[in-house]
**Student:** 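Mind looking over this structure? Questions follow.
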Amino acid sequence: MGLDDRDALRMMRDAVDPALGSDELIRSFYTRWFATDISARDLFPPDMDAQRAAFAHAMTWVFNELIAQRAEEPVAFLAQLGRDHRKYGVTQSHYDTMQDALLTTLRSHLRESWDDKLAEATHDVVALVIGVMRGAADAETGPPYCDGTVIEHIRATRDVSVVRLQLDRPLYYHPGQYVTVHVPQWPRRWRYLSPAIPADRGGGIEFHIRSVTGGMVSTAIVGETKPGDRWRLSNPHGALHIDRDGGDVLMVAGSTGLAPLRTLIMDLTRFGVNPRVHLFFGARFPCELYDLRTLWQVASQNPWLSVTPVSEFNTDPPWAGEYPDVQPPRGLHVRQTGRLADVVTRYGNWGDRQILICGGPEMVETTKAALIAKGAPAERIQHDPLTT
Ligand SMILES: Cc1cc2nc3c(=O)[nH]c(=O)nc-3n(C[C@H](O)[C@H](O)[C@H](O)COP(=O)(O)OP(=O)(O)OC[C@H]3O[C@@H](n4cnc5c(N)ncnc54)[C@H](O)[C@@H]3O)c2cc1C
Ligand code: HEM
């Protein structure tokens with residue numbers, strides 16, 4: 001039976017499902033693993049809350065797929081995870097110790113129902129998950145990450161930095177994709193960032209980072225990044241894209257959510273004829289619309305692009321004077337005041353557009369919900385995963 005034994009799979013799924021209170025099991029798994037392999041502990045950041053949640057969610061999803069007798073997607077997901085995990089410095093021996101710890105923890109947790117059938121299914125699932133990850137990692141010959149040196153750090157506003165790096169080798173990504181980044185100020189804490197320019201053969205790359213209140217890595221990047229810092233970047237992910245034959249485009253960018261949309265726009269400038277693109281670029285204060293000059297330049301050369309600046313407040317705070325003036329020459333649409341979701345939907349439902357929304361999770365969810373409520377088809381709306 002093994003992987004076909006749905007009752008056993010359900011029992012294991014229920015044990016790891018965070019919605020059913022799997023915290024104790026997941027904690028005891030990591031404690032057991034780290035007790036037997038201290039080198040595995042060193043790969044993780046000190047606080048493990050987010051990791052326990054990510055692991056429990058991933059395992060629950062895999063079990064659900066196996067219960068539904070779907071193997072293709074989980075295998076593809078695990079293979080990708082295994083290839084990606086190389087960037088953390090995961091070795092084959094970590095997989096051995098993890099396999100033992102996971103099996104022992106599941107057996108101990110499910111001891112009251114433990115029998116030969118459950119033992120077989122548990123063994124098979126753990127062997128599948130670990131086997132696919134380690135096999136894919138082992139088979140991958142490309143480099144696990146790409147290092148680069150910060151060459152410029154511009155404080156565009158109080159909360160937003162533009163950071164430019166020279167990578168040791170060019171990194172190829174599709175416009176709109178993101179990478180995970182590791183900065184020297186916070187070892188072992190990887191964060192997602194979206195390149196703000198298309199892939200460059202010369203190895204140049206640019207990121208726009210907004211420091212979020214209470215945020216560990218973003219505040220360190222904005223407050224402390226200096227030329228010479230060495231950053232580590234993962235391989236790219238994500239599927240935000242524009243179908244050039246798919247009709248006109250609506251883009252909604254909140255603050256540094258502009259980065260991937262700007263990359264897509266820059267990529268479109270390679271072509272003479274494009275779908276019409278209307279970009280709403282929003283921030284709290286007018287002075288935080290940090291990239292309007294670049295957008296003005298691109299729009300002035302490319303008639304298919306229109307840009308509407310949007311700010312929640314109509315006037316600037318006192319600290320605005322300490323940062324560059326973001327006002328572009330005339331040419332863009334008049335700045336609108338209000339929340340992005342409200343302003344964008346004032347113009348209609350955009351139902352005939354390809355819609356791309358980028359920014360903080362709350363803005364993305366609110367804007368998406370507002371557009372759908374107005375009648376925009378959900379399947380035409382794209383955004384990145386909302387993990388923080
Ligand atoms: C696919 C993807 C691409 C991303 N690209 C970019 C990018 O190009 N530029 C950029 O600046 N950020 C980007 N982010 C967000 C970034 O990865 C971090 O989540 C963000 O910088 C906060 O990290 P932190 O360590 O400072 O905060 P943490 O210490 O991880 O979190 C602190 C608090 O801030 C909240 N928080 C986290 N992220 C946000 C957010 N975006 N808005 C509001 N509150 C938040 C958390 O819920 C938490 O309460 C992207 C996120 C994703 C998922
Ligand atoms: C040898 C085995 C493994 C090691 C050493 C390992 C290590 C790590 C590390 C260091 C992180 C980053 C933590 C952070 O940045 O906060 C991570 C993330 C993650 N791991 Fe693993 N892991 C292993 C196996 C697995 C397995 C079997 C799964 C489940 C299917 C898994 C699922 C995840 C997920 C979902 C994340 C978050 C996404 C990501 O950052 O890639 N890992 N792991």
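Counting starts at 1 for both ligands and their atoms, following the listed order. Side chains are part of it too, since the values below use all heavy atoms of this structure and drop only hydrogens, waters and symmetry mates. If you read the sequence from its start, that first residue is 1, and numbering goes on from there.
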**Student:** Which of the numbered atoms in ligand 1 are below 4.0 angstrom from a heavy atom of T256?
**Tutor:** 9 (N), 10 (C), 11 (O)
**Student:** Less than 3.5 Å between some nitrogen or oxygen of Y192 and one of ligand 1, yes or no?
**Tutor:** yes
**Student:** Would you mind listing which atoms of ligand 2 come within a distance below 4.0 Å of any non-hydrogen atom of L43?
**Tutor:** 5 (C), 10 (C)
**Student:** Test ring pair (Phe, Tyr, Trp, His ring centres under 6.0 Å) on Y178 and F207 and set out the steps.
**Tutor:** CA-CA 10 Å; Y178 54 87; F207 294 105; over 10 Å; no
**Student:** For residues R335 and S311, is any side-chain donor paired with an opposing acceptor at under 3.5 Å?
**Tutor:** yes
**Student:** Using a 4.0 Å heavy-atom cut-off, say whether V129 meets ligand 2 through its side chain, its backbone, both or neither.
**Tutor:** side chain
**Student:** Are H237 and D84 linked by a side-chain donor-acceptor pair shorter than 3.5 Å?
**Tutor:** yes
**Student:** Under a 4.0 Å heavy-atom limit, does E362 contact ligand 1 with its side chain, its backbone, both, or neither?
**Tutor:** neither
**Student:** Students should be able to answer this: which protein heavy-atom is nearest to atom 37 (C) of ligand 2, and at what distance?
**Tutor:** A54 CB, 3.8 Å
**Student:** Could you please spell out the steps behind the ring pair (Phe, Tyr, Trp, His ring centres under 6.0 Å) verdict for W350 and F280?
**Tutor:** CA-CA 13 Å; W350 304 91; F280 287 84; 5.7 Å; yes
**Student:** Near P385, which atoms of ligand 1 are under 4.0 Å from a heavy atom of that residue?
**Tutor:** 53 (C)
**Student:** Can you tell me how far CD1 of I130 sits from CD of Q99, rounded to the nearest 0.5 angstrom?
**Tutor:** 5.5 Å
**Student:** Give the atoms of ligand 1, by number and element, whose distance to some non-hydrogen atom of I209 is under 4.0 Å.
**Tutor:**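 In order of numbering, the contacting atoms are 11 (O).
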**Student:** Applying a 4.0 Å heavy-atom criterion (strictly less than), which segment of S255 is in contact with ligand 1: side chain, backbone, both, or neither?
**Tutor:** neither
**Student:** Enter the distance from S255:OG to H208:NE2 here, rounded to the nearest 0.5 Å.
**Tutor:**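 One gets 10.5 Å once the value is rounded to the nearest 0.5 Å.
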**Student:** Hey, is L193 touching ligand 1 through its side chain, its backbone, both or neither, going by heavy atoms under 4.0 Å?
**Tutor:**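 Both the backbone and the side chain of L193 come within reach of ligand 1.
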**Student:** Under 3.5 Å, N or O to N or O, is R191 touching ligand 1 that way?
**Tutor:** yes
**Student:** Could you tell me which atoms of ligand 2, counted from 1 in the order shown, lie closer than 4.0 angstrom to a heavy atom of M133?
**Tutor:** 24 (C), 25 (C), 26 (C), 27 (C), 28 (C), 42 (N)
**Student:** For residues T91 and H94, is any side-chain donor paired with an opposing acceptor at under 3.5 Å?
**Tutor:**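 Distance-only check passes for T91 and H94.
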**Student:** Identify, for atom 39 (C) of ligand 2, the protein heavy atom at the shortest distance, and state residue, atom and that distance.
**Tutor:**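 Protein heavy atom at minimum distance: Y88 OH, 3.1 Å.
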**Student:** Would you say M216 and ligand 1 have an N/O pair spaced under 3.5 Å apart?
**Tutor:** yes
**Student:** With a distance cut-off below 6.0 Å to the six-membered ring centre and an angular limit of 45° from the axis, does R134 pair with Y95 as a cation-pi contact?
**Tutor:**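 Relative to the ring axis of Y95, which defines the angle, R134 lies outside at least one limit.
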**Student:** So is P361 touching ligand 1 or not, going by heavy atoms under 4.0 Å?
**Tutor:** yes
**Student:** Is there a polar contact between ligand 2 and K87, counting only N or O atoms under 3.5 Å apart?
**Tutor:**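 Such a contact does not occur with ligand 2.
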**Student:** Would you name the heavy atoms of E152 and I154 that are closest together and state the gap between them?
**Tutor:** OE2-CD1, 3.7 Å
**Student:** Fit a plane to each ring of W319 and Y323, take the angle between them on a 0 to 90° scale, and name the class: parallel (under 30°), tilted (30 to 60°) or perpendicular (over 60°).
**Tutor:**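 Perpendicular, since the angle between the ring planes exceeds 60°.
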**Student:** Starting from atom 32 (C) of ligand 2, which protein heavy atom do you reach first, and at what distance in Å?
**Tutor:** L81 CD2, 3.5 Å
**Student:** Which residue owns the protein heavy atom closest to atom 9 (C) of ligand 2, what's the atom, and how far is it?
**Tutor:**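 Answer, as residue, atom name and distance: F44 CE2, 3.3 Å.
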**Student:** Is D384 close to ligand 1, meaning an N/O of one under 3.5 Å from an N/O of the other?
**Tutor:**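 For ligand 1, there is no N or O atom that lies under 3.5 Å from one belonging to D384.
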**Student:** Among T219, D229, T225, which residue satisfies the side-chain hydrogen bond (donor to acceptor under 3.5 Å, both in side chains) criterion with Q185?
**Tutor:** D229
**Student:** Is the closest heavy-atom distance from L78 to ligand 2 below 4.0 Å?
**Tutor:** yes
**Student:** Below the 3.5 angstrom mark, is there an N/O of L386, backbone or side chain, next to an N/O of ligand 1?
**Tutor:** no
**Student:** Roughly how far apart are Y290 OH and T157 OG1, rounded to 0.5 Å?
**Tutor:** 9.0 Å
**Student:** Is it true that W33 lies under 4.0 Å from ligand 2, counting heavy atoms only?
**Tutor:**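 W33: in contact with ligand 2 (<4.0 Å).
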**Student:** Can you pull out the closest protein heavy atom to atom 14 (C) of ligand 2? Residue, atom name and distance to 0.1 Å, please.
**Tutor:**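 For this ligand atom, the closest protein heavy atom is P45 CD, 3.8 Å.
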**Student:** Just one of L371, V277, I381 clears the side-chain contact (heavy atoms from CB on, under 4.5 Å) bar with L250, so which one?
**Tutor:** L371
**Student:** Counting non-hydrogen protein atoms only, what is the nearest one to atom 18 (C) of ligand 2? Give residue, atom name and distance.
**Tutor:**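 Going atom by atom, the protein heavy atom closest to atom 18 (C) of ligand 2 ends up being Q51 OE1, 3.2 Å.
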**Student:** What protein heavy atom lies closest to atom 2 (C) of ligand 2? Include the residue and the distance to one decimal.
**Tutor:**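 Answer, as residue, atom name and distance: M98 SD, 3.4 Å.
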**Student:** Is there a donor-acceptor contact under 3.5 Å from the side chain of N274 to the main chain of L268?
**Tutor:**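 Here the side-chain-to-backbone pair exists.
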**Student:** I'd like the name of whichever of R210, M363, H383 reaches closest to atom 42 (N) of ligand 1 through any heavy atom.
**Tutor:** R210
**Student:** Say whether D37 and S39, considering side chains only, have a donor N or O and an acceptor N or O under 3.5 Å apart.
**Tutor:** yes
**Student:** Would E120 and D5 count as a side-chain contact (heavy atoms from CB on, under 4.5 Å) here? Give the steps.
**Tutor:** CA-CA 9 Å; E120 186 188 345; D5 187 342; over 6 Å; no
**Student:** Heavy-atom contacts with Y95 under 4.0 Å: which atoms of ligand 2 show up? List them by number with element.
**Tutor:**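 Close to Y95: 1 (C), 2 (C).
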**Student:** Is there a heavy atom of Y178 sitting under 4.0 angstrom from any atom of ligand 1?
**Tutor:**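 It does, in that a heavy atom of Y178 comes within the 4.0 Å cut-off of ligand 1.
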**Student:** Please indicate whether any nitrogen or oxygen in H85 is less than 3.5 Å from any nitrogen or oxygen in ligand 2.
**Tutor:**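 Among all N and O atoms of H85, at least one is under 3.5 Å from an N or O of ligand 2.
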**Student:** Taking 4.0 angstrom as the limit and counting only heavy atoms of A58, give me the atoms of ligand 2 inside it, by number and element.
**Tutor:**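 Numbered from 1, ligand 2 contributes 35 (C).
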**Student:** Just to verify, which of V181, T180, V179 counts as forming a side-chain contact (heavy atoms from CB on, under 4.5 Å) with W190?
**Tutor:**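 The single option meeting the side-chain contact (heavy atoms from CB on, under 4.5 Å) with W190 is T180.
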**Student:** Which atoms of ligand 2 have any heavy atom of V90 under 4.0 Å away?
**Tutor:**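 Answer for ligand 2: 1 (C), 4 (C), 5 (C).
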**Student:** For F44, is there any backbone N or O sitting under 3.5 Å from a side-chain donor or acceptor partner on R188?
**Tutor:**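 At least one qualifying donor-acceptor pair exists.
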